[in-house]
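Here the structure comes first, spelled out in structure tokens, and everything after it is commentary.
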Amino acid sequence: MKLNPAQDDAVRYIAGPCLVLAGAGSGKTRVITNKVAYLVRQCDYKARHIAAVTFTNKAAREMKERVAQTLGKHEARGLMVSTFHTLGLEILRREHKTLGLKAGFSLFDDQDQLALIKELTEQELDNDKDKISRLLSTISNWKNDLVLPARAARLATDPETVLFAQCYERYQRQMKAYNALDFDDLILMPTLLLKTNAEVRAYWQNKIRYLLVDEYQDTNTSQYELVKLIAGERARFTVVGDDDQSIYSWRGARPQNLVLLKEDYPSLKVIKLEQNYRSRGRILQCANILIANNPHVFDKQLFSEMEYEAPVRVLFAKHEEHEAERVVAEIMGHKFMNGSKFGDYAILYRGNHQSRVLEKALMTNRIPYKISGGTSFFSRTEIKDIMAYLRLLVNPDDDNAFLRVVNTPRREIGPTTLEKLGTYANQRGKSLFAASFELGLEQHLGGRGLVAVRAFCDWLVRRGDEAARGNAVEAVRDMIKDIHYEEWLYESSPSPRAAEMRMQNVSTLFKWVSQMLEGSDLDDAMTLPQVVTRLTLRDMMERGEEEDDGEQVQLMTLHASKGLEFPFVFMVGMEEGLLPHQSSIDEDNIEEERRLAYVGITRAQQALTFTLCRERRQFGEMVRPEPSRFLLELPQQDLDWEHNRKPPSEGERMQKGQAGIAGLRAMLGRKS
DNA sequence: TGGCGTGCCATTTTT
DNA sequence: TGGCACGCCA
């Protein structure tokens, strides 16, 4: 298919900085992939000098595949397509020494982070969940704004912030002792490094000669700084974004960065993509009308040349289970009538917990489905255990990992021994692993405990060496064998069946690890340290071979659906309190929720169905939620409200639509 | 040391 | 209502 004039402009403009305002479904991925191809084929750029950055692994993966399709594997070789975090990781991998990090640093996920913070702040915050989560987000905000502990302390005025700044300082020091980084560090550290170190900056500016950024509205301050530092004086970059799809402000994303760009680069070329190629007219109309309720930075009007087909439906259910059953029944019926595939259907929801009922309904009806996102796999104990072992192989100073598995499976290293070792390590300012070898430890810890701890550490050293020098795949296999993990699973699981399933998970993890170590068509072979960090970032290849034949109904959160499209979309739980979410209502943050709804609606190509419940069980008790205000904001003439099997006539519907909530209540036959 | 029971808390969204 | 954390008991 040919590019339209605006798309063509966006692809061919390479003279300077370029901002593409791309509405939903306006073909921005096409623009990015075509631009990469254009740079390589027409402009003499080597693929290895081009970097494309996105926000989610899924998007990066998809873009990589699209480019490989367009350019061919040969010409695409060396092209960097990654998330911001993976790009940061790559920079750190090369530059870690300058920052005083040892090779093989660990990456802490939020659970590791939480555990560490809890430990470090026991006295001050005495396990107050609320305070701890405030502290975590404060630290994260500081990092996103490139504020280091010293400056945080200086800026702090109220007592709590002063305390938080102290905790921040302590946290950073401890992370350094562990040779560990958190997710935010992956952006913060490279950005500060490029800012202060001209040599390093020159290297990366030379390496990345053209930069493309997708979903630019989701960048936070440090990410934008990083973009500017990499782009440098030449400012050879294209960013693509849509302020209507900014749904990550809670993570520090600043859609104002779109405006800032114009100020920072006065020569910025702005190109708007306003033709939608994805959704049928009605669906697009709904999306446009809904989002018109939000204020806008850049005006844009999406239009479509597609037919104005069947209206968007709104289905009612008695309760959550009924809602799930109805959606499943709709899918089965529709599939039968249309001869479509299960993979053509997506069910979108606000929160991960909503997937449960849906899963159950799909399962009882034997419908294949796939849940994207969700952390269930990596939150399983067996996976956490093996991940901890892998981290230790690479970085034995990782105390979090050390504590997790030093006695799992059992090694007769109990709490008393660990307590003593911990106290000693603390005095010496060393990691548990490093402290184990010191002679001074013998005064505090003797006998069996000492022997057991040293045996464990010796073993770690041996396997670590094997992993670093020899065949890493073999080393990992040996490690799992050495610790008798399978036996341990059978010992510690409630049933042999459960043990078997857990071992299956371990095998899956092992399979991923070996695939990543060995490389594939699309990805180069990685070292074990790389594999471990990439797994922590959840950046792995999808499990291949398994039935990915388009025969699985797609389940995901609205957030996870961004950037994707589906022929038939169900948006469930269209209720006040859920979408918009109660906490957003409380915090007066409706606009972002509206954008979230907008993202969901614009995923649909051919048909869109909303569902909501009359009753929903919440914290054990039944509540009767109001229909989402977003449903009422939609153009009522494009909606088909289901009404006890007897939909109201066109006239009535118009009238009731205009009557707002009161009219709707009347229509549902409910008292207010 | 591990198994079981009670009681409390929970529902945003992701790298 | 259900899942998890902690504490008590064997």
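Proteins come first, then strands; the chains are lettered A, B, ... in the order of their sequence lines, and each starts at number 1.
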- Message: Give me each pair satisfying salt bridge (charged side-chain N to carboxylate O under 4.0 Å, His left out) with a member in residues 570-586 of chain A, each pair once, sequence neighbours excluded.
- Response: A:Glu575-A:Arg616, A:Glu576-A:Arg629
- salt bridge (charged side-chain N to carboxylate O under 4.0 Å, His left out) partners of residues 184-195 of chain A, not counting sequence neighbours, each pair once: A:Lys143-A:Asp185, A:Lys195-A:Glu225
[atom1] of [X] versus [atom2] of [N]: gap in Å, rounded?
X: A:Leu579; N: B:dT13; atom1: CG; atom2: P; value: 13 Å
X: A:Ile371; N: B:dT14; atom1: CD1; atom2: P; value: 12 Å
X: A:Gln245; N: B:dT13; atom1: CD; atom2: C1'; value: 15 Å
X: A:Asp184; N: B:dT15; atom1: CG; atom2: C1'; value: 9 Å
X: A:His85; N: B:dT14; atom1: NE2; atom2: P; value: 14 Å
X: A:Phe55; N: B:dT15; atom1: CZ; atom2: C1'; value: 10 Å
X: A:Asp218; N: B:dT13; atom1: CG; atom2: P; value: 17 Å
X: A:Asp539; N: B:dT14; atom1: CG; atom2: P; value: 16 Å

- Message: If stacking means aromatic ring centre less than 5.5 angstrom from the base's six-membered ring centre, planes under 30°, is A:Tyr248 stacked on B:dT14?
- Response: no
[X]: partners by side-chain hydrogen bond (donor to acceptor under 3.5 Å, both in side chains), with sequence neighbours left out:
X: A:Arg411; answer: A:Tyr389
X: A:Asn505; answer: A:Glu382
X: A:Tyr345; answer: A:His334, A:Ser340
X: A:Glu325; answer: none

- Task: State whether A:Arg391 and A:Asp112 are salt-bridged, where the test is any N-O pair (Lys NZ or Arg NE/NH1/NH2 against Asp/Glu carboxylate O) under 4.0 Å.
- Result: yes
- Under-4.0 Å salt bridge between A:Glu323 and A:Arg326: no
- Note on the structure: Outer limits of DNA chain C sitting under 4.0 Å from a non-hydrogen atom of chain A, read 5' to 3', are C:dT1 to C:dG3
- Message: On DNA chain B, does the nearest nucleotide to A:Glu412 precede the nearest nucleotide to A:Leu537 from the 5' side, or the other way round? Give the residue.
- Response: A:Glu412
Expected list for residues 355-362 of chain A: side-chain donor-acceptor pairs under 3.5 angstrom, two or more places apart:
| residue | atom | partner | partner atom | Å |
| --- | --- | --- | --- | --- |
| A:Ser355 | OG | A:Asn352 | O | 2.9 |
| A:Glu359 | OE2 | A:Tyr369 | OH | 2.8 |

- Are A:Trp250 and A:Tyr248 an aromatic pair by the rule of ring centers under 6.0 Å? yes
- Rounded distance in Å between the C1' positions of C:dG3 and B:dT14: 23 Å
- Roughly how far apart, to the nearest Å, are B:dT11 and C:dC6 at atom C1'? 23 Å
Is there any protein nitrogen or oxygen under 3.5 Å from a nitrogen or oxygen in nucleotides 8-11 of chain B, and what are the pairs?
| residue | atom | partner | partner atom | Å |
| --- | --- | --- | --- | --- |
| B:dT11 | O2 | A:His353 | NE2 | 2.9 |

Hey, does [X] reach any base, or is it just sugar-phosphate, or nothing, if we go heavy atoms under 4.0 Å?
X: A:Thr536; result: nothing
X: A:Arg595; result: nothing
X: A:Asp110; result: base

- Query: OP1, OP2 of B:dT14 versus side-chain N and O of A:Asn352: anything below 4.0 Å?
  - Reply: yes
